[in-house]
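For clarity, every value in this text was computed on a predicted model and none was experimentally measured. Below, chains carry the letters A, B, ... as their sequence lines are ordered, and counting in each starts from 1.
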Amino acid sequence: MKAPRGTRDILPPDSCLWNKVEGKIREKYRIYNYQEIKTPIFEETELFVRGVGGTTDIVEKEMYTFQDKGGRSITLRPEGTAPVVRAYIEHKLYGKSQPLKLYYFGPMFRYERPQAWRYRQHYQTGVEVMGGDSPFIDAEVILLGIEILKEFNLQNWVLHLNSIGCSQCRADYKNELIEFLKDKPLCRDCESRLERNPLRVLDCKEGNCQKLLEGVPLVTDHICQECGDHFRKVQEILSVCGLDFRLDPFLVRGLDYYTRTAFEVKTKDLGAQDTIFGGGRYDGLSEEIGGPRAPGMGFGLGMERLLLAMKQEGQERGIKSYLDAYVVAVGDKQLLQGWNTLREVRKAGFSADMDLMGRSLKSQMKGANRSGARYALIIGEEEAEEGFLQVRDMSSGEQDKVQKEDLVKYLAWGKEEQGK
RNA sequence: GUGGGUGUAGCUCAGGUGGUUAGAGCGCAGGAUUGUGGCUCCUGAGGCCGUGGGUUCAAGUCCCAUCACUCACCCCA
C-alpha cells in the first residue's frame, strides 16, 4: 500500500519543522489582529462552481467531486476563499464590526498531475479581510504576507502587482482585448482562451503569442476612475512601507472572483511552480454566492512552497528541537532507577528520553548522542548505591557528579546558561 | 489531459554487447582487554532488481503493457 498519487506523509523531523513554521505564522497573525476560522474540508460543489467560476481550470478539471450517500454533490475544497465567504454570509458576520479579519490553515485538494512541489493534497494558510474596500486593507494583506517571508529570512522573491479593475471596467477591457487579438494567429491554447477567458492570453508563454502581444491594450490603462484611484493608493501605501514591487500588467489570476488588486509573490527557488503566495481583492464574490455586497481581500500561501523556499535558502536549519536530557542506566537494577529519574525529570518539565531496550552502556551513549540531548544522565552501580548521577555535557564531554536531589536544579541552571 | 526522463538494500547509486552465489558508500544492529557517544577499524542484518506479461536454453539487462516517481506544458499554493 502506498499513499495515493499526489499525496504524501510528512514525517519527523519535517513534521517538527512544519509545526514551528506554523507557530511563527500564527504569531504574525496575532500581531496583526487576525482571528482563525476553521471551515469544513468539503463543501457543496455549487459553492465552488459559482464562487471560483465555471470556466476556470479549477472547476473544469481539478476538483475532487463525489456524491455522498444522500445524493448530494460534494467537493473537497480546492481553495480557501469561497468557504470563508460562505461562512461569512451563513453566520451573518457582516453584522460584526467591519472589516472582519480572518485567517485559516488547512489542506486543499486539486486533482491535477503532480509536479515539483505541486500536490493533490497541499496545505495553505491564508487571510481574508471581509467588509471593507479601503486600499489600506489591500496594503495590509500584502504586507502581512511579506512579513511572513521576512520572518523566515527569505530573500529571493519579487512582488508582482496589478489591478484588473472592477466587473464593469474589466468587461469593457475584455471586449477591447478580443478586438485586438481576434484576427491574430494565436496558439491552440490561446484560441480557446480567447473565448473562455481572454485575459489569460496575456500570460501565455508561447514565444509567438508573446510577439503578437506587442502593443496590446493594457488593463491598467482601461480601468475606470475609481479603480485607478484605488490602485494608485495601494501602490502609494506600499511605497511608504518601503516595499518594492513590480507592476505587472500581464498578471492575471485564474479564479473568476478577483477584482481590482491582484498580486503574486514569486521566487526563483521553486522552479516552474514559482508562486509562494498570491491573492487579491474579490469585491463581488459575496453577492455571487447569494450574500450581501461585501468587498473582500485576501491571500493564499502555499506551505509546501514556503518550506521549499526555506530549504533552498538554507533557512530551515535554525529551527530544530532539542532534548534536554537522555538517561543512561547500566545494569538491571539501575534500569528501574533510571526509569524513575526519567519520570522525575519529565515531571519537572524537561524533555527527556532513555533507551528502553536494555542495551549496553556504549549503545546507550550512542543513543544519547543521536538524540541530540544536551546532557546524558548516567546511572551505574556506584551511582545507584550512593545516590548520585554522572551528568555529562554531550557537546563538551565534561562530566559532573550531581546528587540525586540536586538534579532538577542542575538541569534548570544548565538551561539558563544555554539561553544566554 | 499532453510530452520527456527514471524505477536495483532504509537512503544515494554501480551493475559494457542477456550467462550461474546482485555490489559499493552512507544509515541501521553488534563489537574492538566486561563504566562513556562523536573519529577509526571489524562483523552482521537487510534486495518478489516497481508490477504483470512476452522473447530466449537463460532476463536486473531486450520488447510490450501497467503503476509510481520526476521534469515540463496547462494552471496555480
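Residue A:Lys61 is in base contact, counting any heavy-atom pair closer than 4.0 Å across all strands shown. Using a 4.0 Å heavy-atom cutoff across all strands shown, A:Ile58 reaches no nucleic acid atom at all. At a threshold of 4.0 angstrom between heavy atoms, the contacts of A:Gln390 include nucleobase atoms, whether or not backbone atoms are also involved. Among the heavy atoms of the strands lying under 4.0 Å from A:Tyr119 is at least one base atom, whether or not backbone atoms are also near. No contact: A:Glu264 has no heavy atom under 4.0 Å from any strand. Among the protein residues, A:Ser363 comes within range of the sugar-phosphate backbone only, with heavy atoms under 4.0 Å from sugar or phosphate atoms but none that close to a base. Residue A:Asp274 is in base contact, counting any heavy-atom pair closer than 4.0 Å across all strands shown. If you check every strand for non-hydrogen atoms under 4.0 Å, A:Ser395 touches a base. Among the atoms of the strands shown, only primed sugar atoms or phosphate atoms (P, OP1, OP2) are found under 4.0 Å from some heavy atom of A:Gly6. Residue contacts shown for A:Leu255 are limited to sugar-phosphate atoms, with no base heavy atom under 4.0 Å away. Looking at heavy-atom distances under 4.0 Å, A:Gly397 makes contact with a base. Among the atoms of the strands shown, only primed sugar atoms or phosphate atoms (P, OP1, OP2) are found under 4.0 Å from some heavy atom of A:Arg359.
Between A:Arg253 and B:A77, a side-chain N or O to OP1/OP2 separation shorter than 4.0 Å is present. Taking side-chain N and O atoms only, A:Arg370 has no distance below 4.0 Å to OP1 or OP2 of B:G37. When the side-chain nitrogen and oxygen atoms of A:Ser360 are compared with OP1 and OP2 of B:G31, one or more of them lie within a distance under 4.0 Å. Close to B:C71, at under 4.0 Å from its OP1 or OP2, lies no side-chain N or O of A:Arg118. Taking side-chain N and O atoms only, A:Lys362 has a distance below 4.0 Å to OP1 or OP2 of B:G37.
Taking atom C1' in both B:G47 and B:C64, the straight-line distance is 26 Å, to the nearest Å. The P atoms of B:C48 and B:U55 are separated by 26 Å, rounded to the nearest whole Å. With P as the reference atom, B:A68 and B:C74 are 23 Å apart, rounded to whole Å. Nucleotides B:G10 and B:A45, compared at atom P, are 15 Å apart to the nearest Å. The gap from the C1' atom of B:G27 to that of B:G38 amounts to 15 Å, rounded to the nearest Å. Nucleotides B:C49 and B:A14, compared at atom C1', are 13 Å apart to the nearest Å. Using atom C1' as the reference point in both B:G60 and B:U51, the two lie 14 Å apart (nearest Å). To the nearest whole angstrom, the two C1' atoms, one in B:U17 and one in B:C13, are 23 Å apart.
One atom, CD of A:Gln334, and another, P of B:G35, lie 12 Å apart when rounded to the nearest Å. Separating the CD1 atom of A:Ile379 from the P atom of B:G35 is a distance of 17 Å, rounded to the nearest angstrom. Between the C1' atom of B:G5 and the CD atom of A:Gln115 lies a distance of 14 Å, rounded to the nearest Å. When rounded to the nearest whole Å, the span between CG of A:Leu377 and P of B:U36 equals 18 Å. B:U66 atom C1' lies 12 Å from atom CZ of A:Arg5, rounded to whole Å. The distance from atom CE of A:Met394 to atom P of B:U36 is 13 Å, rounded to the nearest whole Å. When the P atom of B:U34 is taken as reference, atom CD of A:Gln364 falls 17 Å away, rounded to whole Å. Here B:G38 presents its P atom at 10 Å from CZ of A:Arg392, a figure rounded to the nearest Å.
Classified by interplanar angle (parallel below 30°, tilted 30° to 60°, perpendicular above 60°), the ring pair A:Tyr282/A:Tyr258 is perpendicular. The aromatic rings of A:Tyr32 and A:Tyr34 are tilted relative to each other, their planes meeting at an angle between 30° and 60°. Using cut-offs of 30° and 60° on the angle between ring planes, the pair A:Tyr111 and A:Tyr64 is perpendicular.
Across all non-hydrogen atoms, the minimal contact from A:Asp283 to A:Pro295 is OD1-CB, 3.1 Å. A:Pro40 approaches A:Glu43 most closely through the heavy-atom pair CD-OE2, 3.7 Å.
Under the salt bridge (charged side-chain N to carboxylate O under 4.0 Å, His left out) criterion, the residue pairs touching residues 119-146 of chain A are A:Lys101-A:Glu140, A:Asp133-A:Arg293, A:Asp138-A:Arg281, with sequence neighbours excluded.
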**OP:** Go through the steps to decide whether A:Phe245 and A:Phe263 satisfy the test ring pair (Phe, Tyr, Trp, His ring centres under 6.0 Å), and finish with yes or no.
**Re:** CA-CA 10 Å; A:Phe245 51 85; A:Phe263 70 95; over 10 Å; no
**OP:** Take A:Arg374 and A:Leu323 through the test side-chain contact (heavy atoms from CB on, under 4.5 Å) and record every step on the way to the result.
**Re:** CA-CA 6 Å; A:Arg374 178 161 162 81; A:Leu323 197 60; over 6 Å; no
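Between the side chain of A:Glu383 and the base of B:G35, at least one donor-acceptor pair of N or O atoms lies under 3.5 Å.
Ranked by how close their nearest RNA chain B nucleotide is to the 5' end, A:Pro4 and A:Trp117 are led by A:Pro4.
Distance CD1/A:Ile164 to NE2/A:His222: 15.5 Å, rounded to 0.5 Å.
Annotation: cation-pi geometry not satisfied between A:Arg260 and A:Phe231 (NZ/CZ under 6.0 angstrom from ring centroid, within 45° of ring axis).
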Subject >> Base-pairing string, 5' to 3', of RNA chain B - Watson-Crick or wobble, under 3.5 Å, | interstrand >> reply: (((((((..((((.....[...)))).(((((.......))))).....(((((..]....))))))))))))....
